[in-house]
Amino acid sequence: MKRNQLELLIILETCTTLKEAAGVLQKSPSTVGRTLKSLETELQCTLFQHSRNYLLPTPEGKLVLEYAHTFEELTKKMEQSFLSLSTQNIYHNWSEREVQCLLLIQKYRNLSRAAEELFVSQPALSQMLNTLESSYSIPVFEICRNRLQPTVMGKTLLDYAQKLDTLFQMIRQDLKEFQDLRQGTIKIGIPTSLSSNLIPLIAPAFLNRFPGIKLRILEDQSRKLKHMLKEKQVDFCILHTRNEKSARKVNQTTDDTISYYAYYEEPFFLVIPRRWKDLLALPEDRPLEAADLLELSDIPFVLAAKRQPLRNVIQRIFRNVYAITGTPFNPTACCSSKNMETIRRLVLAETGISFLPTSYLHLYSEQNDLISYPLSASLGGVWSLAIALPKQITLSRSTREFIEVMKKSIEHICFEDTDYPIQPSSQNMS
């Protein structure tokens, strides 16, 4: 990228045709066209499209144009800073390569070392530096103890060069994110029971917006998914996490290699077969309290398998009953399963009663012959739907877009289709 190429984009934005732009630049339309094509080839994207003899910027073109205006303002400000030192108007056609060369000379304080890093000859690098110094009528470096040291004015120029380098990098990074939305694969780790219910809600909406992206869904147990995340076998995981005070802050977890960003908090319900309603005689005008659950000590429970996130929430409910009443609550577990649908069907078959989260009861499955009872907040029957990803990682644009679609899809269904909405978490992903 070069300054004159970015300036051409601004002129094309104003003139709208190659012919008009050529007149402003006093060049032939073919020359202007080749300059534009050269930049598009370098950036690997189309910046302008022809429409009824007019040039219209593409989305990528609009992005680069914003940076072009910033670049123009910065270079003009730079030239103004050195205007008093020159006897003529200052104009230097800064290039991305030139900025990199200058900053490497500053880094190594040695032309030979910088030239080696850049794979260019020292005379060529020296000539580039001489041309730059002539443009601004200043020496950028001076020799001190056999090393190059920036002069006073050189430091000012180098500060501007660093800002130009940042702009060049931002252009390329943002364009890469645009390309991510047109092609590529997002690898998502998710527990099997959650995947079968959640992914069909999200995937159609996302693929409709971004048809060029492929989704690869990897289903497994939470522990294995976390291992896959650490090994970078997936881009991120969608998991349920405990929702205790010690786990509510972003990044606060027993695993210091994974960050959790909770998006939705959902409560658990006690679920029973409809035909057991009169037998159990549970209150229907208020949430169940610890004392109400103690009355169920002799009733068989269908529980989630040990070490499952679902089981962890249920065990917390049991502990809170004991903490509140002083009486241990250890009901009989007639059977256990890793699958929420199996648990639901076992309750339907009148094998026992259980606890299930709001989303599964009111979003993903039909109630049929189940009755659900809300629990008091004091029982701690709640968990969070969270995004898990390795710490200190930058998400791709496509991954961020998927997460946004997921949030909107869940919000729409939760708040429209049920009287027990999942509540948005206060945590946000930076």
Side-chain angles (χ1 to χ4, degrees), residues 1-50 54-83 85-105 118 120 124-138 140 156-175 178:
M1 273 180 287
K2 294 184 177 181
R3 177 181 179 180
N4 65 337
Q5 291 175 318
L6 296 176
E7 289 174 340
L8 172 61
L9 299 185
I10 296 174
I11 293 173
L12 287 174
E13 179 186 32
T14 304
C15 296
T16 73
T17 68
L18 286 176
K19 186 175 181 180
E20 282 188 62
V24 172
L25 295 169
Q26 297 182 348
K27 295 181 179 180
S28 67
S30 60
T31 300
V32 174
R34 284 195 300 271
T35 303
L36 174 61
K37 185 63 177 178
S38 175
L39 181 59
E40 290 179 329
T41 300
E42 180 183 351
L43 297 179
Q44 297 183 338
C45 66
T46 301
L47 300 175
F48 282 87
Q49 291 180 333
H50 291 274
Y54 283 88
L55 283 175
L56 297 176
T58 62
E60 291 95 330
K62 292 179 181 178
L63 170 71
V64 178
L65 271 167
E66 290 181 11
Y67 283 114
H69 284 289
T70 303
F71 191 94
E72 182 182 39
E73 292 173 3
L74 185 59
T75 51
K76 287 184 176 179
K77 184 178 180 181
M78 184 193 312
E79 290 164 356
Q80 190 66 33
S81 300
F82 296 95
L83 192 59
L85 303 176
S86 177
T87 57
Q88 57 185 4
N89 291 332
I90 298 174
Y91 180 89
H92 188 74
N93 188 25
W94 285 94
S95 69
E96 186 175 11
R97 176 69 169 174
E98 188 177 41
V99 169
Q100 292 171 350
C101 291
L102 188 62
L103 294 179
L104 277 177
I105 295 173
L118 293 162
V120 299
L125 189 59
S126 180
Q127 179 60 44
M128 180 279 296
L129 182 58
N130 289 336
T131 301
L132 179 65
E133 291 178 328
S134 296
S135 295
Y136 287 91
S137 300
I138 62 165
V140 179
T156 301
L157 187 69
L158 288 166
D159 287 342
Y160 278 111
Q162 184 63 64
K163 293 176 182 178
L164 294 179
D165 185 59
T166 299
L167 283 175
F168 282 129
Q169 291 185 40
M170 291 173 68
I171 291 174
R172 293 193 180 277
Q173 178 61 36
D174 284 358
L175 285 176
F178 264 102

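Side chains are part of it too, since the values below use all heavy atoms of this structure and drop only hydrogens, waters and symmetry mates. Predicted model, so just to flag it, every value in this text is computed and none were measured.
Closest non-hydrogen pair, Ser135 versus Ile90, comes out as O-CG2, 3.7 Å. The two atoms that bring Asn93 and Glu98 nearest to each other are O-OE1, 4.0 Å, heavy atoms only. A pairwise comparison of heavy atoms in Cys45 and Glu60 identifies SG-CB, 4.1 Å as the closest pair. In plain terms, the two heavy atoms of Thr75 and Glu72 that are nearest each other are OG1-O, 3.0 Å. Here the shortest heavy-atom pairing between Met128 and Ile105 reads CE-CD1, 4.3 Å. Of all heavy-atom pairs spanning Glu133 and Val140, the tightest one is OE2-N, 2.8 Å.
Counting heavy atoms from C-beta outward, Val120 and Arg97 have side chains that approach closer than 4.5 Å. Put simply, the side chain of Asn4 does not reach to within 4.5 Å of the side chain of Leu8, judged on heavy atoms. At a threshold of 4.5 Å between non-hydrogen side-chain atoms, the residues Leu74 and Trp94 do not count as touching. Using a 4.5 Å heavy-atom threshold, the side chains of Gln169 and Arg172 count as separate.
Atom CG of residue Leu158 and atom CD of residue Gln162 lie 9.0 Å apart, to the nearest 0.5 angstrom. Interatomic distance, Arg34 CZ to Ser28 OG, rounded to the nearest 0.5 Å: 6.0 Å. Atom CD1 of Ile10 is separated from atom SG of Cys15 by 11.5 Å, given to the nearest 0.5 angstrom. To the nearest 0.5 angstrom, Leu65 atom CG is 10.5 Å from Thr70 atom OG1. Considering NZ of Lys62 and CZ of Phe48, their distance stands at 10.5 Å, rounded to 0.5 Å. Atoms CE and OG, on Met1 and Ser38 in that order, are 11.5 Å from each other to the nearest 0.5 Å.
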Carefully, step by step, assess Leu63 and Thr58 under the rule side-chain contact (heavy atoms from CB on, under 4.5 Å). CA-CA 9 Å; Leu63 170 71; Thr58 62; over 6 Å; no

Verdict with supporting geometry, Glu66 and Asp174, side-chain contact (heavy atoms from CB on, under 4.5 Å): CA-CA 12 Å; Glu66 290 181 11; Asp174 284 358; over 6 Å; no

Take Glu73 and Lys77 through the test salt bridge (Lys or Arg N to Asp or Glu O under 4.0 Å) and record every step on the way to the result. CA-CA 6 Å; Glu73 292 173 3; Lys77 184 178 180 181; over 6 Å; no

Applying side-chain contact (heavy atoms from CB on, under 4.5 Å), run through Leu9 and Gln5 and close with a yes or a no. CA-CA 7 Å; Leu9 299 185; Gln5 291 175 318; over 6 Å; no

Show your working on side-chain contact (heavy atoms from CB on, under 4.5 Å) between His92 and Met78 and close with a plain yes or no. CA-CA 10 Å; His92 188 74; Met78 184 193 312; over 6 Å; no

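Contacts of Glu20 classified as salt bridge (Lys or Arg N to Asp or Glu O under 4.0 Å), with partners at least two apart in sequence or in another chain: none.
Put simply, the side chain of Asn130 gets close to the backbone of Ser126: a donor and an acceptor are under 3.5 Å apart. In this structure a side-chain-to-backbone donor-acceptor pair under 3.5 Å is missing from Asp165 to Val99. The backbone N or O of Thr31 lies less than 3.5 Å from a partner atom in the side chain of Thr35, making a donor-acceptor pair.
Taking the six-membered ring where the residue is Trp, Phe82 and Tyr136 present perpendicular rings, their angle passing 60° and hence far from 30°.
Environment of CD in Glu42: crowded, with over 12 heavy atoms of neighbouring residues, nucleotides or ligands closer than 6.0 Å.
Ile11 pairs in a side chain to side chain contact (heavy atoms under 4.5 Å, CB included) with only one of the listed residues (Val32, Thr16, Leu25), which is Leu25.
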